[in-house]
Amino acid sequence: MKFLKFTLFILVVAIIVVILSYQKIISNILLPQYIDWAYETDKQGLESGVPLSAQELSLATDIGIQNPEKVRVVYVDEVPFPYDNFALKTLGEALGFIGEGIINNAQVFGYSIYVRNGYELNRPKLAHELVHVLQIERASLDHIITQHFSDLAEYGYDNAPLEVEAFKANKEYAL
């Protein structure tokens, strides 16, 4: 049993090394899979989410979102991630996106903001997520996902440029 666990561990480490070593594998195979999944997740969120209130619409407009009426908030027990795809799960863990002890409280997929039940989405936190919606509007979901994954690998979460911009909104729109 120990040999099997050790072999599995070595295999996972080898996969992580391969993934981190070969940007072409990530950009040509894994990112397109994640992007397809993200578009589907956004579509589901647009169908099941709650529209912004009048006050939230005002905040979204103030932030600069061109189509704030499209934004939907989806409350879930766990913010979605394609856990069933082993390669994407491994990549997410390697980048610190998911894994042991990591709790994702909110994440934007296009105009859908997925929020973990029990997470207080107050004005500054909503502003943070709305900045991510704005970033996607300015570029595209594909571009933002590609940039975010690259930034996470290079800078880590707290220093990733897209997050730095969103964290500024936390401060600017604090109550």
Residue pair Gln135 / His132, side-chain donor-acceptor N/O under 3.5 Å: yes
Between Glu56 and Ser53, what is the shortest heavy-atom contact and its length? OE1-N, 2.8 Å
Taking the side chain from Ser58 and the backbone from Ala54, do they hold a donor-acceptor pair closer than 3.5 Å? no
Measuring only between side-chain heavy atoms, which start at C-beta, is Ile113 closer than 4.5 Å to Leu126? yes
Taking side chain as C-beta onward, heavy atoms only, is Ile144 less than 4.5 Å from Leu162? yes
Of all heavy-atom pairs between Tyr34 and Ile145, which one has the smallest distance, and what is that distance? CD2-CG2, 3.6 Å
Following the transitive rule for hydrophobic clusters with a side-chain heavy-atom cut-off under 4.5 Å over Ile, Leu, Val, Met, Phe, Trp and Tyr, establish whether Val164 and Leu134 coincide in one cluster. no
Just grab all the side-chain hydrogen bond (donor to acceptor under 3.5 Å, both in side chains) pairs involving residues 66-75, residues at least two apart or on different chains. Asn67-Tyr111
Residue list, side-chain contact (heavy atoms from CB on, under 4.5 Å) with Glu172, at least two apart or on another chain: none
Measuring from atom OG of Ser140 to atom CD1 of Ile35, what distance do you get when rounded to the nearest 0.5 angstrom? 8.0 Å
For a quick test of your reading: what N or O donor-acceptor pairs under 3.5 Å do the side chains of residues 44-52 make, sequence neighbours left out?
unit_1 : atom_1 : unit_2 : atom_2 : d
Gln44  : NE2    : Glu40  : OE2    : 3.2
Ser48  : OG     : Gln44  : O      : 3.0

Determine, stepwise, if the pair Tyr173 / Asp62 fulfils side-chain hydrogen bond (donor to acceptor under 3.5 Å, both in side chains). CA-CA 10 Å; Tyr173 293 97; Asp62 190 40; 3.1 Å; yes
Residues passing the side-chain contact (heavy atoms from CB on, under 4.5 Å) test with Thr61, sequence neighbours excluded, are Pro68
Can you list every salt bridge (Lys or Arg N to Asp or Glu O under 4.0 Å) pair that touches residues 137-152, not counting sequence neighbours? Arg138-Glu165
Below 4.5 Å, heavy atoms only, C-beta onward: do Leu59 and Leu57 meet side chain to side chain? no
By side-chain contact (heavy atoms from CB on, under 4.5 Å) - contacts of Tyr83 (at least two apart): Glu78, Phe81, Lys89, Ile98
Partner residues of Tyr114 under the ring-ring contact (aromatic ring centres under 6.0 Å, His included) criterion, sequence neighbours left out: Phe109
Could you pull out the closest heavy-atom pair between Gly110 and Val133, with the gap in Å? O-CG2, 3.8 Å
Who are the ring-ring contact (aromatic ring centres under 6.0 Å, His included) partners of Tyr119, not counting sequence neighbours? none
Exercise: identify the closest heavy-atom pair between Gln147 and Pro161: NE2-CB, 4.4 Å
Straight-line distance of Asn105 CG to Glu129 CD, nearest 0.5 Å: 9.0 Å
Atom pair CD1 (Ile136) and NE2 (His148), whose distance is rounded to the nearest 0.5 Å: 10.0 Å
Which pairs, with at least one residue in residues 109-119 and sequence neighbours excluded, count as a salt bridge (Lys or Arg N to Asp or Glu O under 4.0 Å)? none
Could you grab the distance from atom OG of Ser112 to atom OH of Tyr39, nearest 0.5 Å is fine? 12.5 Å
Counterpart residues, side chain to side chain donor-acceptor pair (under 3.5 Å), relative to Asp77 (two or more places apart): Asn117
Evaluate the criterion side-chain contact (heavy atoms from CB on, under 4.5 Å) for residue pair Val73 and Leu121; output intermediate values, then yes/no. CA-CA 10 Å; Val73 179; Leu121 191 64; 4.2 Å; yes
For Asn104, the side chain to side chain donor-acceptor pair (under 3.5 Å) test, sequence neighbours excluded, returns Gln107
Applying side-chain contact (heavy atoms from CB on, under 4.5 Å), run through Val76 and Val115 and close with a yes or a no. CA-CA 6 Å; Val76 292; Val115 180; over 6 Å; no
Does Tyr157 have any side-chain contact (heavy atoms from CB on, under 4.5 Å) partners at least two apart in sequence or in another chain, and if so, which? His128, Leu152, Glu163, Phe167
